[in-house]
Amino acid sequence: MFTHERQAVEQHIRAYCAAQALPEVGELTWSPVPFSGEWGISTSFFQLAATRARQLAASGERVNVAQLAQEIASGIAAHLGAPTGFSHVEAVRGYLNLYYSTAEYSQRVVDTVLAQGIDFGKGSPKNERIMVEYAQPNTHHSFHIGHHRNAVLGEALSRLVEFAGFETIRASYPGDIGLGVITVVWAYNKFYRGQEPEGIHERGQWLLKIYVEATNLLEPHEGETAAEKAQREAYDAERRDVYRKWDEGDPEIRQLWEMTREWSLEELRAILRLIGVPIDVWFFESQMDTPAKAIVDELIQRGIADDERASGGAVIVRIDEKLGLKKEKYRTNVLLRSDGTTLYLTKDLALAKVKFEQYHVDRSLYVIDVRQSLYMQQVFKILELWGFHQAEKSYHLGYGFVSLPEGAMSARRGRVVSFMEVANEAFRRVQAVITEKNPELPEAERRLVAEQVGLGALAYAMLAVDNNKDIVFEMDAALNFDGHTAPYIQNAHVRANSILKKAGSLPGEAVFDYALTSHEIELIDLISRFPATVQQAALEYKPLSIASYAYDLAKAFHSFYHVVPVVQTEQESIRFARLRLVAAARQTLANALRLLVIQAPDVM
RNA sequence: GCCCCCGUAGCUCAAUGGACAGAGCAAGUGCCUUCUAAGCACGAGGUUGUGGGUUCGAAUCCCGCCGGGGGCGCCA
């Protein structure tokens with residue numbers, strides 16, 4: 001908006017500087033004027049003044065940079081007068097502030113939002129394809145709140161980059177094989193065959209219980225007797241035998257594995273559907289073993305990997321050495337065990353190759369635990385050595401772990417917070433609040449809204465904190481619906497909606513040629529910033545920026561709602577303008593919430 | 001030993017080179033015959049861990065130190 005007018009002003013500024021024999025103006029960066037009450041764009045002249053000061057210093061003249069910047073800004077302000085599209089211009093402390101014409105700007109913002117609707121804020125196509133890999137829990141475990149953080153962060157990132165203009169593919173990569181998985185298959189077969197409970201979530205959580213009990217049987221205990229030790233070792237031998245049979249493709253073991261695996265995947269798909277995560281492509285770790293073996297020889301031949309098998313060693317990549325680094329930074333990682341089996345790294349490299357070659361991905365994003373930072377850097381560097389230029393644009397969005405107030409979660413000890421338990425508790429509490437606040441709402445609708453609000457609260461708790469930071473999950477805090485939370489934002493949407501419902505119909509157009517209150521100005525200002533916020537957040541891969549923005553917008557709307565009458569406004573032209581503003585605010589809130597994987601209810 | 005992340009109000013967190021460092025929670029005061037009080041308004045709370053440096057300008061960039069967390073060739 002107002003791009004044309006801004007460019008005209010830039011031309012005037014350049015012409016002025018040339019005429020005054022000032023140094024060349026570089027790229028002019030504009031930001032919103034940070035004061036409330038009016039709005040406009042601002043740029044500063046400190047750079048220019050500093051350059052000029054250095055020139056003058058060469059001839060022995062000393063000047064104060066801040067003062068000079070202010071002089072330049074004032075000179076330009078006087079030169080500009082009242083440019084088209086702006087009501088007035090001022091120079092303050094080295095900054096040049098251009099204020100928009102209130103009526104024109106308001107109308108343009110509101111009309112744009114209402115014309116574009118759900119697309120308001122959407123960026124133009126970037127002609128680049130992004131694949132986001134997230135939602136990679138191991139199968140044979142139940143979905144816990146750490147997985148939830150991963151899934152919500154990944155989905156928010158996907159929606160963000162997609163909305164910003166990137167073609168986006170959502171990929172899930174569950175770990176469906178490995179010692180942990182085999183442990184469950186062994187224990188199920190030996191102790192629990194046919195005892196699985198009904199119900200998708202019950203069965204998913206039951207698998208975790210088996211895992212915990214099996215781990216207990218297989219781990220050494222303090223002061224164990226010789227008989228206990230023998231028993232434990234016998235169990236471990238059985239488990240190893242199951243793994244060997246799986247590897248050989250033993251039909252019975254494979255069938256057990258597939259059945260139990262499917263129970264986990266059923267639970268995973270149900271939860272992803274519930275929280276709004278539509279995965280496009282499923283990769284499975286078990287399917288990457290063969291492709292992984294296939295890339296090893298290629299990496300050896302290209303001189304990237306070193307084969308030390310002849311001396312009883314493994315196939316390794318000395319990353320620093322291959323990059324020509326003198327100090328250790330990326331270190332060394334193993335590509336193939338000395339027994340010839342693949343590792344996680346091998347499969348990840350093979351999968352990356354598939355993403356680049358078969359899916360033609362330009363940017364590969366990974367939402368993975370921040371503790372794997374070094375590992376991810378190793379993957380990217382090996383891909384670079386391998387010749388995949390896309391690796392430079394690949395990105396690891398790490399996130400901190402979710403822990404309980406009493407300590408870290410541990411799947412092995414069964415100390416996990418099940419996502420469904422938390423979600424159900426949230427639904428119960430929200431329903432209780434709705435019953436109290438809005439008793440007329442029919443039961444069926446109440447349930448639906450409770451789900452939208454409960455899930456929203458959980459999602460927002462995961463997104464409103466910097467991804468690098470750990471979250472100590474406290475049920476009470478997450479379900480506290482006051483303050484900086486999703487329900488606060490959702491309620492702003494509900495209030496906007498109830499005004500519009502009360503008004504009946506939305507005027508097709510309106511002008512803003514009356515004296516706007518500061519609340520209206522603040523609201524319009526925030527709405528107008530949404531498209532730029534989306535672009536910046538997407539390029540930084542930072543859903544948090546949207547979470548902050550949505551909160552600010554909701555806060556501005558709540559203030560507006562409290563002070564400024566809409567439906568009760570007597571003068572029709574003002575009422576029309578305010579109704580359209582409310583509709584624009586509702587739309588923008590909905591669009592922002594959608595990027596955060598949070599639903600915008602009409603009532604609550 | 002080396003690498004990464006973090007240190008901001010009593011607590012939880014924003015702000016990554018620009019104007020007076022902002023929110024929420026907690027504690028305090030006021031506001032429901034008015035579009036839903038899951039709300040609004042008003043105060044209070046800060047040498048941005050610390051010492052240097054770069055810059056016209058630093059919470060932000062660089063170096064040292066202190067404190068916390070994480071990681072480092074056959075786990076995933």
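Here is the naming used below: chain letters follow the sequence lines, and residue numbers restart at 1 for every chain.
- Between A:Thr341 and B:rC74 there is no side-chain N or O to OP1 or OP2 distance below 4.0 Å.
- Residue-level contact check: A:Leu68 touches neither bases nor backbone, having no heavy atom under 4.0 Å from any strand.
- When the C1' atom is used for both B:rG39 and B:rU47, the distance is 37 Å, rounded to whole Å.
- B:rC32 shows a glycosidic angle within 90° of 0 and is accordingly assigned syn.
- Taking the six-membered ring for Trp, A:Tyr366 and A:Tyr395 have ring centres at least 6.0 Å apart.
- The phosphate of B:rC20 (OP1 or OP2) has a side-chain N or O of A:Arg93 nearer than 4.0 angstrom.
- At B:rC40, one or more side-chain N or O atoms of A:Tyr488 fall inside 4.0 Å of OP1 or OP2 (strictly under the cut-off).
- Phosphate contact (OP1/OP2 of B:rA38, side-chain N/O of A:Arg429, threshold under 4.0 Å): absent.
- Remark: A:Lys437 is not in phosphate contact with B:rU36, judged by side-chain N or O atoms under 4.0 Å from OP1 or OP2.
- Look at A:Arg495 and you'll find a side-chain N or O under 4.0 angstrom from OP1 or OP2 of B:rA37.
- If you check distances only, the side chain of A:Arg331 never reaches the base of B:rC3 with a donor-acceptor pair under 3.5 Å.
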Please walk me through it: do A:Glu133 and A:Leu351 pass side-chain contact (heavy atoms from CB on, under 4.5 Å)?
CA-CA 11 Å; A:Glu133 181 192 306; A:Leu351 180 56; 3.9 Å; yes
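- Here B:rC56 is the nucleotide among B:rA38, B:rC56, B:rG71 with the atom lying nearest to any side-chain atom of A:Arg54.
- Contact annotation: A:Tyr330 does not reach the phosphate of B:rC2 (side-chain N/O to OP1 or OP2, under 4.0 Å).
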Polar-atom pairs under 3.5 Å, protein N or O versus N or O of nucleotides 4-15 of chain B: list them with distances, or write none.
unit_1 : atom_1 : unit_2   : atom_2 : d
B:rA14 : OP1    : A:Asp466 : N      : 2.6
B:rA14 : OP2    : A:Lys469 : NZ     : 2.6
B:rA15 : OP1    : A:Lys542 : NZ     : 3.0

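- When atom types are taken as modelled, the side chain of A:Glu308 and the backbone of A:Gly313 share no donor-acceptor pair closer than 3.5 angstrom.
- Between A:Arg309 and B:rC74 there is no side-chain polar atom (N or O) within less than 4.0 angstrom of OP1 or OP2.
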